[in-house]
Amino acid sequence: DITSVKIKYEEGFASLLGNIITKPEMMWTKADQGLVIPTEYSLCIGFSLQTGTLVLLQCFWNYLANSVAKASFMSSKEFMFYIFWTFASFIIFPVLQYNFSRDIYPPTYKEIMPEMVYGIELFIVGCLGVVSHFRFRKLLLNSRDTVNGRSITQKIRYFQEINVILSTVLFGHGTLLTILSCDGLTHRKVLNAHKFPADFFICNINMCAVITWLCMILIFHPKNSSINPTIDEVEDKVSTSQSQTLVIGSSNIEDDTASYSKSSHYKAPSTVSTFTDSHYQFGPLPPAP
C-alpha cells in the first residue's frame, strides 16, 4: 500500500486528448516501473495470508468448542479441508498474478483477477460463518444442562456475536469487491469509469477490511467480561457462602445450648457481700495505763 501511494502521487496525472487521466503505467519512470512487479506479488501474498487466516478461524471455533464446552464443532475431514484450503491460497494468488501478467491478456487482468478471486473467497468464508452461527446455537442448547453451563454459555455467546458481525462484514466485503472486479472485466466499465460509484465501493471495501480485523482482534484477545464471572454469579456465590455461614453459626449455638442444659446446675458467685451488725461492733477497750 505504501509503495502504491508513493507511485500514484509521484507520477500524478497526464493529459490525453484533452482529458486529465491517471498517468498509465507505460508513462511511468523506470524506477517506478521496477516497483510494479514486487508490489503486485506482495499484494497477492497479502491476499493469501488474509484468506488463510479467515479460513483457519473455522478451525479455531473447533478448538474453542473442545476446550470450553468439551464438544466437537466439526468433523476431522472438514478440519483437514480448511488446512488444505489455507495452503492452496498461498499458491493460487501468485499463480494468478503470473498467468495474467502475460502479454496475451489485457494489462488490467493482472490486477482484477486476483482481487475477484479474493472477493469470492471472502464471500465463501462469510457463508461458513453462517454455518458456524447455527453450530454455536446448537452448542448453547447442549451446554445449558452441564455443571458450568452458565459460564460456558456466556463465553460461547460472546464468540457467537462476534461471528455474526464478522460474517456480515465478510458478505459485504466479498460482494462489493467481486462486483467491482467483474465490472472491470466488461467493456463499458460502468462502475469503474465513474468516480462516485468507484469511490463508494472502494471506501466501503476498506471499511469492511478494518472492521474485519477489529473482529479478529476481539476474537483472539477477548474483553475481560467474557472471561471473568458476571455480577450475578458473584452475588450467587456470596449469598451461598453467607447462608452456609449462618447455618454453621446456628448449629454451633444449638450445640452450646444443649451442652449447657445437660451440665449440672451452676451457681454464679455473688458479687454483693452481706454484712451483719457484728461487722460494726467495737472490741473491748484497752486497759488504762
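What you see is a predicted model, and the numbers here were worked out from it, not measured in a lab. Sequence positions, counted from 1, serve as the residue numbers for this chain.
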Is it the case that more than 12 heavy atoms not belonging to [X] sit under 6.0 Å from its [atom1] atom?
X: K138; atom1: NZ; answer: no
X: Y98; atom1: OH; answer: no
X: H133; atom1: NE2; answer: yes

Are any non-hydrogen side-chain atoms of [X] and [Y] less than 4.5 angstrom apart?
X: I124; Y: I120; result: yes
X: M216; Y: L57; result: yes
X: L96; Y: Y118; result: no
X: F171; Y: C127; result: yes
X: Q97; Y: I37; result: no
X: R102; Y: N99; result: yes
X: F79; Y: I83; result: yes
X: L185; Y: M116; result: yes

Rounded to the nearest 0.5 Å, how far apart are [atom1] of [X] and [atom2] of [Y]?
X: N204; Y: L180; atom1: CG; atom2: CG; value: 11.0 Å
X: I152; Y: N142; atom1: CD1; atom2: CG; value: 11.0 Å
X: T186; Y: N192; atom1: OG1; atom2: CG; value: 7.5 Å
X: I162; Y: L166; atom1: CD1; atom2: CG; value: 8.5 Å
X: M113; Y: S101; atom1: CE; atom2: OG; value: 12.0 Å
X: L176; Y: C203; atom1: CG; atom2: SG; value: 11.0 Å

(message) Test side chain to side chain contact (heavy atoms under 4.5 Å, CB included) on L54 and L122; report intermediate values, then the result.
(response) CA-CA 8 Å; L54 294 171; L122 291 181; 3.5 Å; yes
Shortest non-hydrogen contact from [X] toward [Y]:
X: D32; Y: K6; answer: OD1-NZ, 3.7 Å
X: A65; Y: L139; answer: CB-CD2, 3.8 Å
X: Q33; Y: W28; answer: NE2-O, 3.2 Å
X: M74; Y: N62; answer: N-OD1, 3.4 Å
X: E121; Y: S89; answer: OE1-OG, 3.6 Å
X: S48; Y: P94; answer: OG-CD, 4.2 Å

(message) I'd like to know if the side chain of T153 reaches the main chain of L140, judged simply by a donor and an acceptor atom lying under 3.5 Å from each other, with no hydrogens or angles considered.
(response)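 No, because the side chain of T153 does not come within donor-acceptor range (under 3.5 Å) of the backbone of L140.
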(request) Check whether any side-chain N or O of S181 sits under 3.5 Å from a backbone N or O of T178 as a donor-acceptor pair, and report yes or no. (result) no
(request) Walk me through it: do Q58 and W85 pass the test side chain to side chain contact (heavy atoms under 4.5 Å, CB included)? (result) CA-CA 12 Å; Q58 311 304 315; W85 186 353; over 6 Å; no
When hydrophobic residues are tied together by side-chain contacts of less than 4.5 Å, even through go-betweens, does [X] share a cluster with [Y]?
X: F220; Y: L56; value: yes
X: F93; Y: Y41; value: no
X: V169; Y: F123; value: no
X: Y109; Y: V95; value: no
X: F81; Y: F87; value: yes

(message) Under a plain distance cut-off of 3.5 Å, with no hydrogens placed, do Y82 and E78 share a side-chain donor-acceptor pair?
(response) yes
(request) Determine, stepwise, if the pair V164 / F136 fulfils side chain to side chain contact (heavy atoms under 4.5 Å, CB included). (result) CA-CA 11 Å; V164 170; F136 276 124; over 6 Å; no
(request) Determine, step by step, whether L49 and I45 satisfy the side chain to side chain contact (heavy atoms under 4.5 Å, CB included) criterion, reporting the C-alpha distance in whole Å, the side-chain angles of both residues, the deciding distance to 0.1 Å, and the verdict. (result) CA-CA 6 Å; L49 292 173; I45 294 175; 4.2 Å; yes
(message) Please confirm whether the ring centroid of Y63 lies under 6.0 Å from the ring centroid of F73.
(response) no
(request) Could you tell me how the ring of F159 sits relative to the ring of W61: parallel (under 30°), tilted (30 to 60°) or perpendicular (over 60°)? (result)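 Perpendicular: the ring planes of F159 and W61 meet at over 60°.
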